[in-house]
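See structure below.
All ligand and atom numbering here is 1-based and tracks the order in the structure.
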Amino acid sequence: MLTIKCAKCKQKLFKYHKIGIGRVLHCWKNKIKNDNTIRKDGAVFCTCGNRIGIEMGNYIKMDQSAFIYSGTKQKG
Ligand SMILES: [Zn+2]
């Protein structure tokens with residue numbers, strides 16, 4: 001499991017069960033756990049107001065500059 005965090009305030013946004021390697025470009029909603037995000041007008045926000053992605057049906061298209069993650073894929 002990856003822990004997805006806000007790049008601005010470092011708050012935990014949700015846990016994500018990622019399959020395979022590579023960057024987190026989008027997050028399937030059915031693999032998200034412990035979701036602390038706010039959904040508004042089709043976008044996904046941290047509680048600090050930072051927009052972390054856009055809702056696209058059954059997944060979230062993630063904004064690459066808006067979040068960080070830790071877990072099995074952590075680098076540098
Ligand atoms: Zn935040």
Side-chain angles (χ1 to χ4, degrees):
M1 284 295 236
L2 299 177
T3 299
I4 308 287
K5 298 178 185 177
C6 176
K8 284 190 179 169
C9 70
K10 308 294 192 286
Q11 180 179 251
K12 290 176 187 172
L13 296 168
F14 50 78
K15 288 184 182 293
Y16 184 64
H17 183 59
K18 183 165 179 8
I19 306 282
I21 59 170
R23 296 164 72 195
V24 178
L25 299 174
H26 54 252
C27 288
W28 298 98
K29 289 179 181 175
N30 62 4
K31 294 179 185 170
I32 291 172
K33 299 273 190 288
N34 300 350
D35 192 352
N36 296 314
T37 60
I38 296 166
R39 310 294 166 87
K40 190 177 176 227
D41 299 330
V44 182
F45 295 87
C46 175
T47 53
C48 76
N50 184 28
R51 196 187 77 171
I52 59 148
I54 303 166
E55 292 203 297
M56 302 286 284
N58 55 1
Y59 69 93
I60 298 167
K61 185 169 181 280
M62 301 296 284
D63 183 336
Q64 294 299 299
S65 62
F67 71 97
I68 55 175
Y69 53 79
S70 60
T72 55
K73 278 198 70 268
Q74 188 169 23
K75 286 191 221 176

**Prompt:** How far apart are the C-alpha atoms of K29 and K31, what are their side-chain angles, what is the distance that settles it, and do they pass the side chain to side chain contact (heavy atoms under 4.5 Å, CB included) test?
**Reply:** CA-CA 5 Å; K29 289 179 181 175; K31 294 179 185 170; over 6 Å; no
**Message:** Working note: N34 + K12, criterion side chain to side chain contact (heavy atoms under 4.5 Å, CB included); need CA distance, chi angles, decisive distance, verdict.
**Reply:** CA-CA 9 Å; N34 300 350; K12 290 176 187 172; over 6 Å; no
**Request:** Examine distances only and state if a side-chain atom of D41 and a backbone atom of A43 form a donor-acceptor pair shorter than 3.5 Å.
**Result:** no
**Request:** Only protein N/O/S atoms count here: give how many lie under 2.8 Å from the Zn ion (ligand 1).
**Result:** 4
**Prompt:** Is the shortest heavy-atom distance from the side chain of M1 to the side chain of K33 under 4.5 Å?
**Reply:** yes
**Prompt:** Any chance NZ of K61 has more than 12 other-residue heavy atoms, nucleotides or ligands included, within less than 6.0 Å?
**Reply:** no
**Request:** Look at the side chain of N50 and the backbone N and O of A66, then say whether any donor-acceptor pair between them is shorter than 3.5 Å.
**Result:** yes
